Amino acid sequence: MEKTIVAATGNKHKIKEIEAITAEFGMSIISKDEAGVPDVEIVEDGETFEENSYKKAYEIMKLCGRTTIADDSGLVVDCLNGAPGVYSARFAGTDGDDDANNRKLIGLIKDVPYENRTARFVSVITMVFPDGQSIVARGEVEGHLITEKRGREGFGYDPLFVPDGYEQTFGELAPEVKNAISHRANALKNLRKKLMDKEVSR
Ligand code: IMP
């Protein structure tokens, strides 16, 4: 297995979390800039996290010919029939405008009783190898939404999300706590298992 993996994401926070796991397998992560990948826009037009995650990893792998890893993630809200889902980053229109996204979400759920404000974060991590093989690992974390932001940690919808078993939001919990129980942590645990199986079958 190749030892240097190219990250399809530019998000340093995500790269750090992913690297903690891949390091166990003697793999190090480099950015797509370091891999000499030209600055291309990858349109995330899939209907599922799996499609978008695969697309990001595959297209970067094609550009550099090296093993590539990508994460696609988002928030799935039951009383909104799964929205914002794959549109989480651009829910309110502008890509990555967390404040606007949170305002829009609050507006849509404020009259829904707390017990029906169930939601989950989902992360799908895909590793694509130069021979076209891939490993797909999904992780989720269940919780409830509140209608007033609490906490300054994390990013995105973290200040509105209370994970099951806790009273604080992801915005209030220490990053170590979030990183131990998050959707990305669970996807990475899954990835670890799949990498171990792949090593055994070699
Ligand atoms: P992506 O970068 O295309 O995967 O978009 C992910 C979007 O989902 C982010 O912009 C956030 O709005 C949301 N999201 C994903 N993971 C998290 C998280 O850990 N906390 C809060 N929001 C998240």
Side-chain angles (χ1 to χ4, degrees), residues 7-18 20-21 31-32 40-60 68-77 80 82-109 117-127 136-146 148-164 166 168-191:
T9 173
N11 183 327
K12 294 212 165 62
H13 173 85
K14 285 186 185 176
I15 293 177
K16 222 172 135 197
E17 284 182 36
I18 292 171
I21 297 292
S31 68
K32 47 187 179 162
V40 286
E41 200 206 338
I42 295 168
V43 186
E44 293 181 34
D45 55 2
E47 281 174 21
T48 62
F49 296 109
E50 278 78 4
E51 279 175 61
N52 284 335
S53 179
Y54 181 81
K55 187 172 184 195
K56 285 190 252 189
Y58 181 77
E59 296 204 359
I60 299 296
T68 300
I69 193 165
D71 157 278
D72 195 59
S73 50
L75 180 71
V76 173
V77 181
L80 301 180
V86 290
Y87 303 105
S88 292
R90 55 202 143 116
F91 192 34
T94 313
D95 200 74
D97 187 343
D98 292 344
D99 284 340
N101 288 340
N102 281 323
R103 274 199 304 275
K104 177 166 177 181
L105 181 60
I106 291 168
L108 292 170
I109 62 169
R117 277 188 251 129
T118 49
R120 68 201 56 78
F121 277 120
V122 177
S123 160
V124 174
I125 293 177
T126 306
M127 198 180 261
V136 183
R138 186 183 177 101
E140 303 188 356
V141 57
E142 300 281 340
H144 282 78
L145 297 172
I146 55 168
E148 265 179 43
K149 292 202 281 181
R150 287 193 340 227
R152 292 171 172 276
E153 299 288 351
F155 69 104
Y157 301 96
D158 281 344
L160 297 177
F161 184 84
V162 180
D164 284 355
Y166 293 80
Q168 291 137 301
T169 66
F170 266 171
E172 294 173 307
L173 288 166
E176 307 84 80
V177 178
K178 178 187 169 190
N179 290 342
I181 62 168
S182 77
H183 47 317
R184 209 161 293 110
N186 289 331
L188 285 165
K189 279 177 206 156
N190 237 322
L191 178 72

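Ligands are counted one by one from 1 in listed order, and the atoms in each one are counted from 1 as well. If you're wondering where the values come from, they're calculated on a predicted model, not measured in any experiment. No hydrogens, no waters, no symmetry mates; every other heavy atom, side chains included, goes into these values.
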Quick one: list whatever passes side-chain contact (heavy atoms from CB on, under 4.5 Å) with N52, sequence neighbours left out. E44, D72, V86
Contact residues of ligand 1, where a non-hydrogen atom lies under 4.0 Å away: K14, E44, K56, D72, S73, G74, S88, A89, F121, F155, G156, Y157, D158, K178, H183, R184
Distance, nearest 0.5 Å, that separates CG of L188 from OG of S182: 7.5 Å
Just verifying a value: how many Å separate L105 CG and L145 CG, rounded to the nearest 0.5 Å? 5.5 Å
Show me the pairs that pass salt bridge (Lys or Arg N to Asp or Glu O under 4.0 Å) and involve residues 92-106, at least two apart or across chains. D99-K149
Could you tell me which residues satisfy side-chain hydrogen bond (donor to acceptor under 3.5 Å, both in side chains) with E50, sequence neighbours excluded, listed by chain and number? R138
Please work out which of the three classes, parallel, tilted or perpendicular, describes the rings of F170 and F161, given edges at 30° and 60°. tilted
